[in-house]
Each structure stands twice: as structure tokens, then as C-alpha cells.
Amino acid sequence: MTKEELALEVIDRLKREYPDAGCTLDYDQAWKLLVSVRLAAQCTDARVNVVVEDLYAKYPDVASLAAAEPEEIEAIVRPCGLGKSKARDISACMRILHEQYNDNIPTTFEELLKLPGVGRKSANLIMGDVFGKPAIVTDTHCIRLTNRIGLVDGIKDPKKVEMALWKIIPPEEGSDFCHRLVCHGREVCTARTKPYCDKCCLEDICQKNI
């Protein structure tokens with residue numbers, strides 16, 4: 001089985017296993033996803049979803065968050081860890097949205113990458129979830145599982161994994177595929193315990209590379 005064939009089979013099986021998989025960060029406006037994805041660095045999505053409730057209660061829109069001092073933001077987002085740097089990036093980012101984008105978010109990958117605190121992973125998440133564009137989000141689940149399954153070979157660098165996956169994952173499948181990898185990584189192919197291979201839908205095709 002070629003990597004392309006393996007990729008299509010993995011996509012098909014995960015699609016059946018997790019038909020409703022989606023982003024686990026709560027948001028109802030695009031700029032809120034931008035904030036949450038910054039807070040999610042080295043923090044669980046579940047905690048981020050709780051913390052942003054207080055943040056948005058005090059700062060309900062881009063303009064009000066842009067007007068807030070980083071120290072005020074930090075006081076709220078501190079439970080997510082790395083409070084100072086995250087608050088600084090969120091403040092700078094919101095000010096750019098307010099001053100340059102009429103309180104909206106950029107619509108291109110290149111513009112998103114220019115925003116403070118936004119890397120390829122975050123930009124891909126937003127392109128896929130907000131704009132419905134082809135995207136591959138190389139988070140820790142994606143990197144670990146695609147190596148283990150055998151879709152990539154011993155690659156740990158997020159950008160290199162992304163580039164390798166672009167070659168074998170149909171563009172229209174990338175975003176949902178990565179969300180399903182998150183589900184699979186949390187429920188079956190776990191990192192902190194021994195993977196539950198006995199109940200894995202990929203057990204017979206997984207290369208089981210560690």
C-alpha cells in the first residue's frame with residue numbers, strides 16, 4: 001500500500017469512526033477563535049473554553065479587547081499559562097484587527113501569519129474552520145499519529161509534517177482529518193497511556209511506529 005492509498009484508507013475509517021469531529025475550542029465569531037488558539041498553546045482546550053468566558057464578559061468585541069492593557073488581559077488569562085506573553089500577543093493582535101481590518105480577521109494565510117502569536121498551526125486552523133479552505137493543522141496529535149500510522153516517516157518538525165501530508169492528503173479532507181486525529185489521539189491512540197490498539201479502527205493497517 002502506497003502512502004497515498006494508506007492516507008485515503010485512514011481518512012475513510014476515521015470519517016466513519018468520528019463523523020462529527022470538529023474544533024474543540026468554543027467560538028461564535030472568527031476573532032474569538034484567534035484568541036482561543038493563542039491561549040491553547042501548552043494548555044487544554046477545555047480550560048481555554050472556561051477562561052475565555054470571563055475574558056469575553058469583560059471585553060465582548062475586538063474594539064474593547066484592543067483598548068485593554070496587556071496587564072488587564074493577563075489577569076484573566078493567567079490560568080492558561082504563559083499569561084504575560086499570551087496577553088501581549090492578544091493585545092497586539094486585537095489592535096491590528098481594530099486598526100487595519102475593521103475589527104475582522106485577515107482572510108489569507110499569509111496575512112494571518114503576520115499577526116502576533118500566529119504560527120502555521122493557528123493559521124491553518126482558522127483557514128479551515130472559519131473560511132472552509134484547505135488546511136492541515138499539525139498539532140501534537142497530528143504529528144504523533146501520522147508518524148505512528150506510517151503516513152510520515154520519523155518527522156517531528158511541524159512544518160515538515162505539514163508539507164509531507166499535503167502530498168498525500170486530498171486538500172478538501174485536510175481540516176476534518178486533523179480534527180479526527182485529535183479525537184483518535186485522545187480516545188484510542190493515547191500518548192500518556194499505552195494505546196488501545198485492540199479497539200482501534202486502524203489496527204490492521206497501522207505501521208505502529210513509535
Side-chain angles (χ1 to χ4, degrees), residues 21-144 156-159 161-162 174-176 178-179 181-183 185-186:
C23 182
T24 51
L25 291 168
D26 295 337
Y27 69 98
D28 56 8
Q29 296 179 67
W31 67 272
K32 291 182 178 179
L33 179 58
L34 195 57
V35 170
S36 289
V37 76
R38 180 64 186 98
L39 293 177
Q42 299 182 42
C43 181
T44 66
D45 290 359
R47 174 168 290 186
V48 171
N49 289 338
V50 172
V51 170
V52 293
E53 290 183 8
D54 291 336
L55 185 67
Y56 301 146
K58 188 170 184 179
Y59 307 109
D61 50 39
V62 171
S64 59
L65 194 51
E69 292 299 324
E71 294 76 16
E72 297 174 308
I73 299 172
E74 181 187 354
I76 299 175
V77 305
R78 191 176 290 118
C80 293
L82 305 175
K84 189 176 293 294
S85 62
K86 290 180 179 180
R88 183 180 62 243
D89 286 342
I90 289 170
S91 174
C93 190
M94 293 301 109
R95 290 178 185 183
I96 291 173
L97 298 191
H98 183 60
E99 295 168 5
Q100 300 181 25
Y101 292 96
N102 195 31
D103 291 357
N104 296 307
I105 68 171
T107 58
T108 70
F109 188 80
E110 291 71 25
E111 287 177 295
L112 285 168
L113 282 180
K114 293 178 182 179
L115 295 175
V118 176
R120 296 188 66 85
K121 181 179 74 172
S122 301
N124 268 303
L125 178 66
I126 291 166
M127 291 304 295
D129 278 47
V130 174
F131 300 117
K133 300 294 185 181
I136 291 178
V137 181
T138 50
D139 61 7
T140 55
H141 290 290
C142 176
I143 294 169
R144 180 170 57 83
K156 303 300 183 182
D157 178 77
K159 184 177 180 180
V161 171
E162 180 192 335
S175 182
D176 288 340
C178 292
H179 286 317
L181 286 178
V182 172
C183 293
R186 287 174 176 169

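Index from 1, following the sequence.
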* Asked: Hey, mind stepping through Met94 and Leu34 against side-chain contact (heavy atoms from CB on, under 4.5 Å) and telling me if it holds?
  -> CA-CA 9 Å; Met94 293 301 109; Leu34 195 57; 4.2 Å; yes
* Structure fact -> Residues Thr108 and Glu111: closest non-hydrogen pair is OG1-OE1, 2.9 Å
* Structure fact -> Correct closest heavy-atom pair for Lys32 and Tyr56 would be O-OH, 3.2 Å
* Asked: Would you say Asn49's side chain and Asp26's backbone share a donor-acceptor pair under 3.5 angstrom?
  -> yes
* **Where Leu39 and Cys80 come nearest, the two heavy atoms and their spacing** => O-CB, 3.9 Å
* Structure fact -> Taking every heavy atom of Ala40 against every heavy atom of Asp45, the minimum-distance pair comes out as CB-OD1, 3.8 Å
* To the nearest 0.5 angstrom, please state how far the CG atom of Asn124 sits from the SG atom of Cys178. => 8.0 Å
* Please indicate whether Arg47 has more than 12 foreign heavy atoms, meaning atoms of other residues, nucleotides or ligands, lying under 6.0 Å from its CZ. => no
* To the nearest 0.5 angstrom, please state how far the CG atom of Leu181 sits from the CG atom of Asp176. => 11.0 Å
* Can you check whether Arg88's main-chain N or O pairs, donor with acceptor, with Ser91's side chain at less than 3.5 Å? -> no
* May I ask you to test the His179-Val137 pair for a side-chain heavy-atom distance under 4.5 Å? => no
* Determine, step by step, whether Arg38 and Leu115 satisfy the side-chain contact (heavy atoms from CB on, under 4.5 Å) criterion, reporting the C-alpha distance in whole Å, the side-chain angles of both residues, the deciding distance to 0.1 Å, and the verdict. => CA-CA 11 Å; Arg38 180 64 186 98; Leu115 295 175; over 6 Å; no
* **Minimum-distance pair of heavy atoms, taken over all atoms of Ile136 and Gly174** => CG1-CA, 4.2 Å
* **Main-chain N/O of His141 paired with Asp139 side-chain donor or acceptor, under 3.5 Å** => yes
* Distance in Å, Arg95 CZ paired with Leu65 CG, rounded so as to fall on 0.5 Å steps -> 9.5 Å
* Answer yes or no: is there a donor N or O on one side and an acceptor on the other, between the side chain of Asp89 and the main chain of Pro116, under 3.5 Å? => no
* To do: Hey, could you give me the CD1/CG distance between Ile126 and Leu33, rounded to the nearest 0.5 Å?
  => 5.0 Å
* Could you tell me which non-hydrogen atom of Trp31 sits nearest to which non-hydrogen atom of Leu97, and how far apart they are? => CB-CD1, 4.2 Å
Show which side-chain atoms of residues 69-78 pair as donor or acceptor with protein atoms under 3.5 Å away, not counting sequence neighbours.
from: Glu72; atom 1: OE1; to: Glu69; atom 2: N; distance (Å): 2.7

* Taking the side chain from Lys86 and the backbone from Gly81, do they hold a donor-acceptor pair closer than 3.5 Å? -> yes
* Asked: Are Ile105 and Phe131 close enough, and set up right, to give a side-chain contact (heavy atoms from CB on, under 4.5 Å), and what steps lead you there?
  -> CA-CA 11 Å; Ile105 68 171; Phe131 300 117; 3.9 Å; yes
* For Lys133, enumerate each residue passing the side-chain hydrogen bond (donor to acceptor under 3.5 Å, both in side chains) test, keeping only those at least two apart in sequence or located in another chain. => none
* List the steps and the verdict of side-chain contact (heavy atoms from CB on, under 4.5 Å) for Lys156 and Val161. => CA-CA 7 Å; Lys156 303 300 183 182; Val161 171; over 6 Å; no
